[in-house]
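Computed from a predicted model, the values in this text were never measured in an experiment.
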Amino acid sequence: MGAVEICYLYISPGHNFVGHHGREPDAYPMIEVPMIECVAGRGIRGDRYFDFKDDYKGQVTFFSLDVFDQLCQVLGLRHISPAAARRNISMRGADLNELIGQDFEVQGVRFHGTQECRPCYWMNRAIAPGAEEFLKGRGGLRAKILSDGNLRSTTANGHPERSEEPPLSSLQHA
């Protein structure tokens, strides 16, 4: 697998949509951070899914900014953040569906892709009407964390000139 770019990293202190069927969502923000601490078998320290359930299949979620760009173009969206998708890692350069059922490594941290992070009806509210349908089959990737380590945004919160890391990192099947 080639080079990937981690553009945005997000955590959230709570669930806005999980467990909210039939009632209003909560309003926990997605907080953009320059680095996340991945803890094997537990999740991202400080995120709502940290220690959520034993052996949870979605300890971390990945989202393709290439898909996000297409979504914005098709739905005519402007001034919307990838944070609206409520995924932890927004990146470029990887076909996330190819990682389902695979072990892979990013910036020295090992993961196992468990399944597509399927969009639900809340996407139409969180992003825009039509988002759920557009994202079917490309909603991102749920993964388990296999090794401890830190991931850093290669764009330093959208500001490449502030980045101390190289602009691309290798995504490798483990």
Gln70 side chain near Phe134 side chain, heavy-atom distance below 4.5 Å: yes
For Arg110, is there any backbone N or O sitting under 3.5 Å from a side-chain donor or acceptor partner on Ser147? yes
Any chance you could measure Arg42, atom CZ, to Asp54, atom CG, to the nearest 0.5 Å? 10.5 Å
Measuring from atom CD1 of Ile145 to atom NE2 of His112, what distance do you get when rounded to the nearest 0.5 angstrom? 13.5 Å
What's the shortest heavy-atom distance between Gly137 and Asn97, and which atoms? O-ND2, 2.7 Å
State plainly whether one hydrophobic cluster holds both Val67 and Leu65, where clusters connect Ile, Leu, Val, Met, Phe, Trp and Tyr through side-chain heavy atoms under 4.5 angstrom apart. yes
Close side-chain approach of Cys117 to Phe63, heavy-atom, < 4.5 Å: no
For Ser12, does its backbone N or O pair with a side-chain atom of Asp47 as donor and acceptor, under 3.5 Å? yes
If you look at every heavy atom in Thr154 and Glu5, which pair is closest and at what distance? OG1-CG, 3.1 Å
In one Ile/Leu/Val/Met/Phe/Trp/Tyr side-chain cluster, 4.5 Å: Val74, Met123: yes
Mark yes or no for whether Thr61, through its side chain, and Asn88, through its backbone, hold a donor-acceptor pair below 3.5 Å. yes
Testing the basics here: between Ile31 and Pro13, what is the closest heavy-atom pair and its distance to 0.1 Å? CD1-CD, 4.1 Å
Side chain of Glu116, backbone of Arg138: donor and acceptor closer than 3.5 Å? yes
Side-chain heavy atoms under 4.5 angstrom apart, residues restricted to Ile, Leu, Val, Met, Phe, Trp, Tyr: same cluster for Ile100 and Leu96? yes
In this structure, would Val39 and Leu146 fall into the same cluster of hydrophobic residues linked by side-chain contacts under 4.5 Å? no
Nearest-0.5 Å distance that lies between atom CD in Gln115 and atom CG in Leu99: 14.0 Å
Please report whether the ring centroid of Phe68 lies less than 6.0 Å from that of Tyr8. no
Give a yes or no answer on whether the side chain of Gln59 reaches the backbone of Ala40 with a donor-acceptor pair at less than 3.5 Å. no
Taking side chain as C-beta onward, heavy atoms only, is Leu151 less than 4.5 Å from Phe111? yes
If you define the side chain from C-beta out and look only at heavy atoms, does anything of Arg142 sit under 4.5 Å from Tyr56? yes
As an exercise, state the distance from CD1 of Ile80 to CG of Leu75, rounded to the nearest 0.5 Å. 9.0 Å
Minimal heavy-atom distance between Ala128 and Leu77, with the atoms involved, is CB-CD2, 3.6 Å
Quick one: CD1 on Ile11 to CE on Met35, what's the gap to the nearest 0.5 Å? 9.5 Å
For residues 68-78, the salt bridge (Lys or Arg N to Asp or Glu O under 4.0 Å) pairs (sequence neighbours left out) are Asp69-Arg92
Any side-chain heavy atom of Met30 sitting closer than 4.5 Å to one from Arg48? yes
Looking at every non-hydrogen atom in both residues, tell me the closest pair between Val60 and Phe62 and how far apart they are. CG1-CE1, 3.8 Å
Are the side chain of Ser153 and the backbone N or O of Pro34 linked by a donor-acceptor pair below 3.5 Å? no
Polar side-chain atom of Gln107 near backbone of Arg152 as donor-acceptor pair, under 3.5 Å: yes
Flag, side chain of Arg86 to backbone of Ala126, donor-acceptor distance under 3.5 Å: no
